[in-house]
Amino acid sequence: GEPSFDIRLSGIIGFLMAGSSTQELVMPEVVTVPTSTRVPWNRGRIVCPKPPLKPKHIWALRTRFQLANRTRDLALFNLAVDSKLRGCDLVGLRVSDIYLGDAVRLRATVCQRKTGRPVPFEITEPTREAFAAWLTARRLKAGDWLFPSRSRLGEHLTTRHYSRLVDRWVVNRTGFL
């Protein structure tokens, strides 16, 4: 059988019959209306908050990025772990937010877009090394985006693209989640 649900018409008919004094009150009727058997969009997907990465997963990803010589991904991942910033704040950073003169800063403060509050964080040694390699490879200047877009000249990496990168890192490459 096909799933169905009942609609009680007694309230509507009683209301319509209340104005007519010549007709008798009709017994309540039940009408069966079939529902669609559409498959939900989230069937088989994990839509709840995902569990955080464990330290062994973080080190596995870092090692994988280093062996594959993926400097951008390593720098982006390390900064995300160090700063715990939202994706929109992370991709919107400029070189001057992290790099001062000829070295990567030890500490940085970024103002969150959502709350407007400053978020101070420490930049660890592996992250500083990754950024030194990334900035050298790309020859980025102080006013440039820290993670420039490859497809849109003068723009930064989009939040959506960052989300896809994280999905690929965590789910497809490592099989953690």
Side-chain angles (χ1 to χ4, degrees), residues 38-177:
R38 186 175 62 87
V39 177
W41 68 270
N42 58 354
R43 171 169 268 152
R45 294 186 184 177
I46 300 173
V47 292
C48 58
K50 278 94 179 148
L53 292 174
K54 296 177 181 171
K56 68 178 183 178
H57 297 146
I58 292 171
W59 285 107
L61 281 169
R62 283 180 174 157
T63 304
R64 189 164 297 184
F65 292 147
Q66 288 171 344
L67 293 175
N69 206 17
R70 295 171 61 183
T71 54
R72 181 199 66 177
D73 291 349
L74 180 62
L76 187 58
F77 179 75
N78 282 346
L79 187 62
V81 170
D82 285 356
S83 68
K84 298 177 184 68
L85 288 170
R86 290 181 179 90
C88 63
D89 297 324
L90 190 64
V91 298
L93 293 174
R94 297 215 180 244
V95 174
S96 57
D97 295 332
I98 302 298
Y99 206 70
L100 182 62
D102 59 345
V104 179
R105 297 174 188 241
L106 297 175
R107 296 187 59 79
T109 302
V110 175
C111 192
Q112 287 183 349
R113 226 186 274 177
K114 181 177 178 179
T115 62
R117 294 183 181 193
V119 177
F121 57 93
E122 185 177 340
I123 302 172
T124 60
E125 185 61 33
T127 305
R128 289 196 298 272
E129 291 171 5
F131 270 113
W134 170 242
L135 295 173
T136 303
R138 286 298 300 242
R139 298 186 186 119
L140 297 172
K141 298 179 180 95
D144 294 340
W145 296 110
L146 193 55
F147 302 105
S149 172
R150 294 177 180 174
S151 60
R152 300 173 318 154
L153 191 61
E155 294 291 322
H156 61 76
L157 193 71
T158 63
T159 307
R160 183 67 196 118
H161 187 72
Y162 171 69
S163 175
R164 283 189 209 111
L165 282 173
V166 172
D167 283 344
R168 268 187 252 144
W169 296 342
V170 175
V171 178
N172 297 341
R173 308 273 170 155
T174 58
F176 293 147
L177 298 176

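The shown structure was predicted, so the numbers you read here are calculated from the model rather than taken from an experiment.
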Q: Indicate yes or no: at least one non-hydrogen side-chain atom of Leu79 is less than 4.5 angstrom from one of Phe147.
A: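 Yes; the side chains approach each other to less than 4.5 Å.
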Q: Measure across Gly116 and Cys111 and return the closest heavy-atom pair with its distance rounded to 0.1 Å.
A: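 Closest approach of Gly116 to Cys111, heavy atoms only: O-SG, 3.1 Å.
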Q: Between Gln66 and Thr63, is there a side-chain donor-acceptor contact under 3.5 Å, judged purely by atom types and distance?
A: no
Q: Only counting residues at least two apart or in another chain, list the ones meeting side chain to side chain donor-acceptor pair (under 3.5 Å) with Asp89.
A: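 Per chain and number, Asp89 pairs via side chain to side chain donor-acceptor pair (under 3.5 Å) with no residue.
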Q: Taking only residues two or more places apart in sequence or in another chain, which ones pass side-chain contact (heavy atoms from CB on, under 4.5 Å) with Arg160?
A: Thr158, Ser163, Arg164
Q: For the residue pair Arg107 and Ile123, establish whether any side-chain heavy-atom pair is separated by less than 4.5 Å.
A: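 Of all side-chain heavy-atom pairs linking Ile123 with Arg107, none is under 4.5 Å.
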Q: Do Asn78 and Thr124 make a side-chain contact, defined as non-hydrogen atoms from C-beta onward lying under 4.5 Å apart?
A: no
Q: Does Arg128 have any salt bridge (Lys or Arg N to Asp or Glu O under 4.0 Å) partners at least two apart in sequence or in another chain, and if so, which?
A: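 For Arg128, the residues satisfying salt bridge (Lys or Arg N to Asp or Glu O under 4.0 Å) (neighbours in sequence not counted) are Glu125.
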Q: Just how far is it from atom CZ of Phe131 to atom CG of Asp82, taken to the nearest 0.5 Å?
A: 8.5 Å
Q: Roughly how far, to the nearest 0.5 Å, is CG of Leu157 from CG of Leu76?
A: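 If we round to the nearest 0.5 Å, Leu76:CG and Leu157:CG are 6.5 Å apart.
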Q: Can you sort out the partners of Trp59 under ring pair (Phe, Tyr, Trp, His ring centres under 6.0 Å), two or more places apart, ordered by chain and number?
A: none
Q: Inspect the surroundings of CZ in Arg117 and state if more than 12 heavy atoms from other residues, nucleotides or ligands are less than 6.0 Å away.
A: no
Q: Quick one: pull up CG in Leu90 and NZ in Lys84 and give me the separation to the nearest 0.5 Å.
A: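 Here the rounded value is 12.5 Å.
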Q: For a 4.5 angstrom cut-off between non-hydrogen side-chain atoms, does Leu74 reach Arg70?
A: no
Q: State, to 0.1 Å, how close Leu146 and Trp134 come at their nearest heavy-atom pair, and which atoms those are.
A: O-NE1, 2.9 Å
Q: Using every non-hydrogen atom in the two residues, find where Tyr162 and Ala80 come nearest and quote the distance to one decimal.
A: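 In this case the closest contact between Tyr162 and Ala80 is OH-CB, 3.5 Å.
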Q: Would you check if Arg94 and Trp145 make a side-chain contact, meaning some heavy-atom pair closer than 4.5 Å?
A: yes
Q: Side chains of residues 99-106: which donor-acceptor partners sit under 3.5 Å, not counting sequence neighbours?
A:
| unit_1 | atom_1 | unit_2 | atom_2 | d |
| --- | --- | --- | --- | --- |
| Tyr99 | OH | Asp102 | O | 3.3 |
| Arg105 | NH2 | Ser96 | O | 3.1 |

Q: For Asp144, check salt bridge (Lys or Arg N to Asp or Glu O under 4.0 Å) against everything at least two apart and list the hits.
A: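 For Asp144 there are no salt bridge (Lys or Arg N to Asp or Glu O under 4.0 Å) partners, ignoring immediate neighbours.
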Q: Quick one: OG on Ser149 to NE2 on His156, what's the gap to the nearest 0.5 Å?
A: 9.0 Å
Q: Going from NZ on Lys114 to CZ on Arg86, what distance comes out if it is rounded to the nearest 0.5 angstrom?
A: 4.5 Å
Q: To check you understand the geometry: which heavy-atom pair defines the closest contact between Ala108 and Asp97, and what is its length?
A: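 Heavy atoms of Ala108 and Asp97 come nearest at CB-O, 3.7 Å.
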Q: Do Val110 and Leu93 have side chains that approach each other closer than 4.5 Å (heavy atoms only, starting at C-beta)?
A: yes
Q: Considering non-hydrogen atoms only, spot the tightest contact between Trp169 and Leu61 and give its length.
A: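 For Trp169 versus Leu61, the nearest heavy atoms are O-CD2, 3.5 Å.
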Q: Set out, in order, the CA-CA distance, both residues' side-chain angles and the distance that settles side chain to side chain contact (heavy atoms under 4.5 Å, CB included) for Asn69 and Thr71, then state yes or no.
A: CA-CA 6 Å; Asn69 206 17; Thr71 54; 4.2 Å; yes
Q: Measuring from atom CG of Leu140 to atom CD1 of Ile98, what distance do you get when rounded to the nearest 0.5 angstrom?
A: 12.5 Å
